[in-house]
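Letters go in sequence order (proteins before strands), and every chain restarts at 1.
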There are 2 protein chains.
Amino acid sequence: MALLALYPEEWLSSKIIASSLNINAVLVRKEIAVLKSGDLIESKEGKNGGVRLHKSAKKIYLSDIFKLVKGKDNVLSFSSNEPNPACRVGKKINKNLTSIMNTIDSSIINELKKQTLEEFKNKF
Amino acid sequence: MALLALYPEEWLSSKIIASSLNINAVLVRKEIAVLKSGDLIESKEGKNGGVRLHKSAKKIYLSDIFKLVKGKDNVLSFSSNEPNPACRVGKKINKNLTSIMNTIDSSIINELKKQTLEEFKNKF
DNA sequence: TGTACTGTAATAAAAATTAATACAGTTAAA
DNA sequence: TTTAACTGTATTAATTTTTATTACAGTACA
């Protein structure tokens, strides 16, 4: 997103973005789908296609990006194993943790609301 | 920790704790080492040994537990791949993200300071 | 009509996590 | 005083998750 913000007029290809991140271009294209679903970016198929911001970096808060990328999961997550339902703690732990995890996610989002992509971009 | 707080007088074995979490007892013993390093719990070797809280649950904040368990890493983390140093963004991204990640960790800690283990325990 | 893209699926490889095994050392109690 | 039940820790195996690769249909430009 910082890269897109630096070159807002250009259609940047997934290959170029992948080479900045040093990851596979297919992963980039998958994340493009996520960011498009929140209207933060737009994409163009075909030759000379690519992606660019869909709105001004001044109107994109880091929290907007975070919310999309995090999806519906919490940042902190449960053990992949089901806790023991026969245990007084195991029986209720996930419910009790959910409440804490939601609170944590909210506090992260509030923190990230304080910075726009434009401000972040200017650090490069 | 909720389990230990519910039975503060008893030495609970790693096996018992593992069966509540439904994970391997060796993993529990490894985490015991971490929690001991912060003086939150104490352990006793030998027959009828186990672990218990080292201080009142009223004096343990969820943030104390979180800080130990999280260790020196940030909750959010970098890509395991080095970003491209030849890229204007890749060159600086990790430094710029570090600052955000530290802020996020702080805000989580501040949130978790609001609740003691005693209060959490009472939800079970 | 060829080239350079996105979008997406399927599979393979790599990395990280978790489990299992083993065993030395400690303590309590039979 | 010997056995049983623990912690502590290391090593290796199994599993799960993440990331990379390959493939290909569809789109747009030149």
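Proximity of A:F120 to A:I60: side-chain heavy atoms (C-beta onward) are nowhere separated by under 4.5 Å. A 4.5 Å side-chain heavy-atom check between A:L3 and A:F124 finds every atom pair outside the cut-off.
A:I16 and A:V26 are members of different hydrophobic clusters when ILVMFWY side chains are connected at heavy-atom separations under 4.5 Å. A:L68 and A:I23 fall within the same hydrophobic cluster, where Ile, Leu, Val, Met, Phe, Trp and Tyr residues are linked whenever their side-chain heavy atoms come under 4.5 Å apart, directly or through other members.
Per the geometry, CZ belonging to A:R52 stands 15 Å off C1' belonging to C:dT6, to the nearest Å. The CG atom of A:D73 sits 12 Å away from the P atom of D:dT17 (whole-angstrom rounding). Distance NZ (A:K36) to C1' (C:dG7): 8 Å, rounded to an integer number of Å. Remark: C1' of C:dT18 and CG of B:L21 are 13 Å apart, rounded to the nearest angstrom. Rounded to whole Å, the distance from NZ on B:K15 to P on D:dG8 is 17 Å. Going from atom CG of A:N22 over to atom P of D:dT19 covers 12 Å, rounded to whole Å. Atom CD1 in A:I41 sits roughly 11 Å away from atom C1' in C:dT6 (whole-Å rounding). The interatomic distance linking A:I17 (CD1) with C:dT6 (C1') rounds to 11 Å, in whole Å.
Residue-to-nucleotide proximity on DNA chain D shows that, of B:L12 and B:S79, the 5′-proximal contact is made by B:L12.
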(message) Set out, in order, the CA-CA distance, both residues' side-chain angles and the distance that settles side chain to side chain contact (heavy atoms under 4.5 Å, CB included) for A:V89 and B:L21, then state yes or no.
(response) CA-CA 9 Å; A:V89 171; B:L21 295 166; over 6 Å; no

(request) Assess whether side chain to side chain contact (heavy atoms under 4.5 Å, CB included) is satisfied between A:W11 and A:N48, documenting all intermediate values. (result) CA-CA 7 Å; A:W11 294 100; A:N48 299 331; over 6 Å; no

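With hydrogens and angles disregarded, a donor-acceptor distance shorter than 3.5 Å links the side chain of A:K70 to the backbone of A:D73.
Contact check, B:N24 against C:dA20: a side-chain N or O comes under 4.0 Å of OP1 or OP2. For B:S14 and D:dT7, the shortest distance from a side-chain N or O to OP1 or OP2 is below 4.0 Å.
A salt bridge links A:R52 with A:E42: the closest approach of a Lys/Arg side-chain nitrogen to an acidic carboxylate oxygen falls below 4.0 angstrom.
Counted by atom type alone, A:N84 and B:N22 present zero donor-acceptor pairs between their side chains at under 3.5 Å.
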Show each protein N/O and nucleotides 14-17 of chain C N/O combination with a separation under 3.5 Å, one pair to a line.
none

At a cut-off of 3.5 Å, list every protein nitrogen or oxygen paired with a nitrogen or oxygen from nucleotides 24-30 of chain C, distance to 0.1 Å.
from, atom 1, to, atom 2, distance (Å)
C:dT26, O4', B:E45, OE1, 3.0
C:dT26, O2, B:G46, N, 3.2
C:dT27, O2, B:K47, N, 2.9

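With rounding to the nearest 0.5 Å, the separation of CG in A:N24 from OG in A:S19 is 12.0 Å. Rounded to the nearest 0.5 angstrom, B:K114 NZ and B:S63 OG are separated by 11.5 Å.
At a non-hydrogen distance threshold of 4.0 Å, B:V26, B:R29, B:I32 from residues 25-32 of chain B come into contact with DNA chain D.
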